[in-house]
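Contents: one structure, followed by commentary.
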Protein chains: 2
Amino acid sequence: MTIEPLLKYMSNYIDLTSDEVVFLESKITVRKYLKGQYIVQQGDICKFSCFVLSGCTKTFYMDGEGQEHILMFSIEDWWTSDMGSFITQTPADFNIQCLENSELVMFSYDIIEDLYREIPKLERFFRQIIEKAFVASQKRIVRNFSLSAKDQYLYFRDQYPLIEQRIPQYMIASYLGITKEFLSKIKSQLILEQ
Amino acid sequence: MTIEPLLKYMSNYIDLTSDEVVFLESKITVRKYLKGQYIVQQGDICKFSCFVLSGCTKTFYMDGEGQEHILMFSIEDWWTSDMGSFITQTPADFNIQCLENSELVMFSYDIIEDLYREIPKLERFFRQIIEKAFVASQKRIVRNFSLSAKDQYLYFRDQYPLIEQRIPQYMIASYLGITKEFLSKIKSQLILEQ
DNA sequence: AATAAATGTTAATCTAGTTTAATATTATTT
DNA sequence: AAATAATATTAAACTAGATTAACATTTATT
């Protein structure tokens, strides 16, 4: 697979010359992962910021009791990384694991400064996508505070219908911050209602 | 008050020449607000990204039932804005109100592109601070999921001892996503414990 | 086709945090 | 100093969601 989807995605934010595309391609790598493989493990230094060409990943955190808390899913045209670990090069809080065979574009920490130096527009590009990610994260906090579990599920189903079909229920429950049993109850309630 | 605290803050990320500082100063404004005044109101277009020189603000959301949910407090050397509204120039989800008389450096939406064009380093600067804000936001989601209300309060008290003293308890409860009554209960429990 | 592994459901019991409502304390204004 | 407004506490009754445990269904493996 080519990095075409990445270039198309980037063209929504910045215009790259063909020279710049060549330079970019010389600095990034495309890597395949199998279902179940880890891209980052809690405690590792996260070396890459990744763009998903195909497949699906989950980013999760293991708490003291061995409970898994899913922070996000990433599918085609999304990013995945432990940003905190990546920018400071300190041990990661999160695990990132493939839920399907996946292909990722890898932006290594070691080359990203070269990219910014050579193509300053990329600084703008990453500023803009991280702004969006921050806004999405704030909105999620608001939903966590102001919506019931049922309404959060309805919102998720509404916003990410494609993700819901690709992922087991118990992971969606974890993403929503509720137990799989309670999500099951919510779903049976919803069936009775309509 | 001068913008000295802002320049010092920026020097942690980028080096500006004195010409660049002059240009920056020509584009930003410093504005005073009184306690109680709003910087942004839900539904407005957020025109500014603000750096706090002095004082304190709260960013909050009013839900359908008229319940106030506080997302963040901003004190000296912090930023405040409805980022979602600012970057897309669409109606704000949040209110930002001063809890004390405050002085803010105002980065207007209308001039920020001029700043990026004239001083590309600023693109880097804002990329880096928004990266940090995103990481902090993700970590907050994790805490919401994995800590009890009591542990979240202890974390807050530990991380922001200065903020706790400046702000009424009921606002801290709102920030933590619990009722003021329950926070009161947690505090009395903590007193019994030690 | 049979077995095992992964995923999903149901129901009873339990608990962290909410709601309501009354009262106490502290700060502000006259 | 008194009165008012703002903030904080306490306690009883309640509820959304967790826990536990047994069972059902679907998917993958041999």
Taking the side chain of [X] as its heavy atoms from C-beta onward, which of [options] lies nearest to it?
X: A:T179; options: C:dT18, D:dA18, C:dG8; answer: D:dA18
X: A:F182; options: C:dG17, D:dT10, D:dA18; answer: D:dA18
X: A:P168; options: D:dA18, C:dT7, C:dT19; answer: C:dT7
X: A:E181; options: D:dT20, C:dG17, D:dT10; answer: D:dT20

In whole Å, I'd like the distance from the [atom1] atom of [X] to the [atom2] atom of [N].
X: A:I178; N: C:dT9; atom1: CD1; atom2: C1'; value: 14 Å
X: A:K35; N: C:dA5; atom1: NZ; atom2: P; value: 16 Å
X: A:I191; N: C:dT10; atom1: CD1; atom2: C1'; value: 13 Å
X: B:Y170; N: C:dT19; atom1: OH; atom2: C1'; value: 19 Å
X: A:K185; N: C:dT7; atom1: NZ; atom2: P; value: 24 Å
X: A:K180; N: D:dG17; atom1: NZ; atom2: P; value: 17 Å
X: A:L190; N: C:dT10; atom1: CG; atom2: P; value: 13 Å
X: A:Q169; N: C:dT7; atom1: CD; atom2: C1'; value: 9 Å

Exercise for review: Scan side-chain atoms only and decide if B:W79 and B:Y9 contain a donor-acceptor pair under the 3.5 Å cut-off.
Suggested key: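 Note: B:W79 and B:Y9 side chains meet the donor-acceptor criterion.
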
- Say whether A:Q152 and A:Y175, considering side chains only, have a donor N or O and an acceptor N or O under 3.5 Å apart.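 No, no side-chain donor-acceptor pair sits under 3.5 Å.
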
Item to complete: Apply salt bridge (Lys or Arg N to Asp or Glu O under 4.0 Å) to the pair B:E100 and B:R166, showing each step before the final yes or no.
Response: CA-CA 9 Å; B:E100 303 172 0; B:R166 287 164 78 165; 2.9 Å; yes

Establish, for the pair A:R140 and A:F145, whether the NZ or CZ atom is under 6.0 angstrom from the six-membered ring centre and no further than 45 degrees off its axis.
-> no

Between B:S188 and B:M171, which has a closest nucleotide on DNA chain D that is more 5'?
->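 With B:S188 and B:M171 compared, the 5'-side residue is B:M171.
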
For this session: Report the residue (A:L147 or B:L183) whose heavy-atom-nearest nucleotide on DNA chain D is the more 5′ of the two.
Result: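 The residue whose closest nucleotide sits nearer the 5' end is B:L183.
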
Are the side chain of A:N101 and the backbone N or O of A:K35 linked by a donor-acceptor pair below 3.5 Å? yes

